[in-house]
2 protein chains.
Amino acid sequence: MGYSIGQVSKKTGLGVHTLRYYEKEGLLPFVSKTSSGLRTYSDNDLGWIKMIECLKATGMPLKGIKQYIDWFIEGDSTLTKRLEMFEKQKQNLENQLSQIQNNMQMIDYKIRLYQKAVQLGSLQRANQDKELQKEKVKLFANEQIDN
Amino acid sequence: MGYSIGQVSKKTGLGVHTLRYYEKEGLLPFVSKTSSGLRTYSDNDLGWIKMIECLKATGMPLKGIKQYIDWFIEGDSTLTKRLEMFEKQKQNLENQLSQIQNNMQMIDYKIRLYQKAVQLGSLQRANQDKELQKEKVKLFANEQIDN
DNA sequence: AAAATTTCTAGAGTTAGCTCTAGATTTAAC
DNA sequence: GTTAAATCTAGAGCTAACTCTAGAAATTTT
């Protein structure tokens with residue numbers, strides 16, 4: 001009916017130590033145990049794990065995730081807090097997105113530069129390519145010119 | 001002519017300790033020093049710092065970044081290795097992007113759920129909303145149904 | 001029912017990436 | 001020229017998030 005810790009580990013890729021660690025940290029307060037003390041995970045628990053992974057992947061520290069779970073346990077009096085948390089997290093995510101797009105430009109430039117360099121057998125000569133120089137200038141155009 | 005460590009710290013937001021730490025780890029091998037031993041950073045050094053930030057932000061550990069710098073120092077015999085590194089990094093970045101898009105859906109669902117919950121004063125009642133239930137089903141549709 | 005595997009708890013150890021401290025030296029401000 | 005601020009080195013300390021160990025108990029496989 002429920003999943004053993006090993007099965008959950010395989011399903012989620014998380015490692016049994018990690019699962020127990022999360023539980024110890026208060027991130028999985030609903031996991032139940034058999035009469036002999038073995039953990040059994042429900043589908044609901046798997047849902048929580050998915051949620052944890054999502055928040056972790058979007059940069060929330062485990063303490064922040066615990067806060068959310070504590071609010072959840074506290075009940076409907078914390079609804080606005082939880083909403084605000086998710087809204088803040090969405091903001092984070094959008095920042096990450098634009099960050100990634102910037103980084104992608106940088107990496108793309110480097111890839112083209114090194115393709116040229118491999119082709120010419122020399123980074124120096126690749127750097128002299130007019131097209132690549134133009135691209136580099138554009139890339140560094142969003143620098144602050146201060147102090 | 002060059003920047004002091006404090007100026008670079010302000011420019012990059014990195015903290016003087018961190019800058020010295022990066023240098024100790026071999027990530028900034030070109031920073032020069034005045035006759036009395038103070039670091040002076042050139043614009044080229046700032047470029048390296050930008051590169052470090054970019055690779056770090058895309059999930060490369062400092063050791064990997066050091067590897068790249070070592071290859072750079074080694075010269076044109078490592079051009080292909082460096083190209084491959086950037087190509088792998090681009091792959092990483094694309095994975096991150098699709099990951100973020102998944103997470104965004106999850107967060108968006110949660111925001112709508114909690115908006116409804118705040119409006120109704122109850123998470124339970126929000127969960128009964130037909131529209132939100134449909135959305136939830138869609139979200140969890142990409143689950144593996146195995147083992 | 002014996003052997004092999006999985007799980008348990010409590011606690012120690014690890015890794016990455018900073019972050020800080022102390023005491024000395026250098027530089028900038030008044 | 002004195003104070004105040006910034007920088008130096010070497011090394012210690014810190015935090016987050018695991019990751020592992022040991023020895024016992026439970027479960028599964030043979």
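The analysis underlying the following values was restricted to heavy atoms, covering all of them including side chains, and did not include hydrogens, waters or symmetry mates. Every chain is numbered from 1, with letters handed out A, B, ... down the list of sequences.
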Side-chain N or O of [X] closer than 4.0 Å to phosphate OP1/OP2 of [N]:
| X | N | value |
| --- | --- | --- |
| A:Arg39 | C:dT7 | no |
| A:Tyr22 | D:dC18 | yes |
| A:Arg20 | C:dT9 | no |
| A:Ser4 | C:dT6 | no |

Can you list the residues that meet the side chain to side chain contact (heavy atoms under 4.5 Å, CB included) rule with B:Gln91, with sequence neighbours excluded?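 B:Glu94, B:Asn95.
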What residues from residues 28-37 of chain B pass a heavy-atom cutoff of under 4.0 Å to DNA chain D?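 DNA chain D contact set from residues 28-37 of chain B: B:Lys33, B:Gly37.
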Any salt bridge linking B:Lys90 with B:Glu87? Criterion: basic side-chain nitrogen under 4.0 Å from a carboxylate oxygen.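 Result for this pair is no, no salt bridge flagged.
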Can a salt bridge be assigned to the pair A:Glu53 and A:Lys50 using a cut-off of 4.0 Å between side-chain N and carboxylate O? no
Kindly state which residues belonging to residues 52-68 of chain B come within less than 4.0 angstrom of DNA chain C, counting heavy atoms of the residue only, listed by number. B:Lys56, B:Pro61, B:Leu62, B:Lys63
Distance col, row B:Lys136:NZ vs B:Asp129:CG, nearest 0.5 angstrom, shows 12.0 Å
Give the C-alpha distance, both sets of side-chain angles, the deciding distance and a yes or no for ring pair (Phe, Tyr, Trp, His ring centres under 6.0 Å) between B:Phe72 and B:Trp48. CA-CA 11 Å; B:Phe72 179 90; B:Trp48 277 104; 4.9 Å; yes
Given 3.5 Å as the limit, does a donor-acceptor pair link the side chain of A:Ser4 with the main chain of A:Gln7, or not?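 Side chain of A:Ser4 to backbone of A:Gln7: a pair is present.
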Is the backbone of B:Ser42 close enough, under 3.5 Å, to the side chain of B:Asp45 for a donor and an acceptor to pair up by distance?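 Such a contact is found between B:Asp45 side chain and B:Ser42 backbone.
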Which of these nucleotides, C:dC8, C:dT19, D:dT19, is closest to any side-chain atom of A:Tyr21? D:dT19
Where do A:Ile49 and A:Thr12 come nearest, in terms of heavy atoms and distance? CG2-CG2, 3.9 Å
Return the 5'-most residue of the pair B:His17, B:Gly6 with respect to DNA chain D, ranking by each residue's nearest nucleotide.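 It is B:Gly6, whose closest nucleotide lies nearer the 5' terminus.
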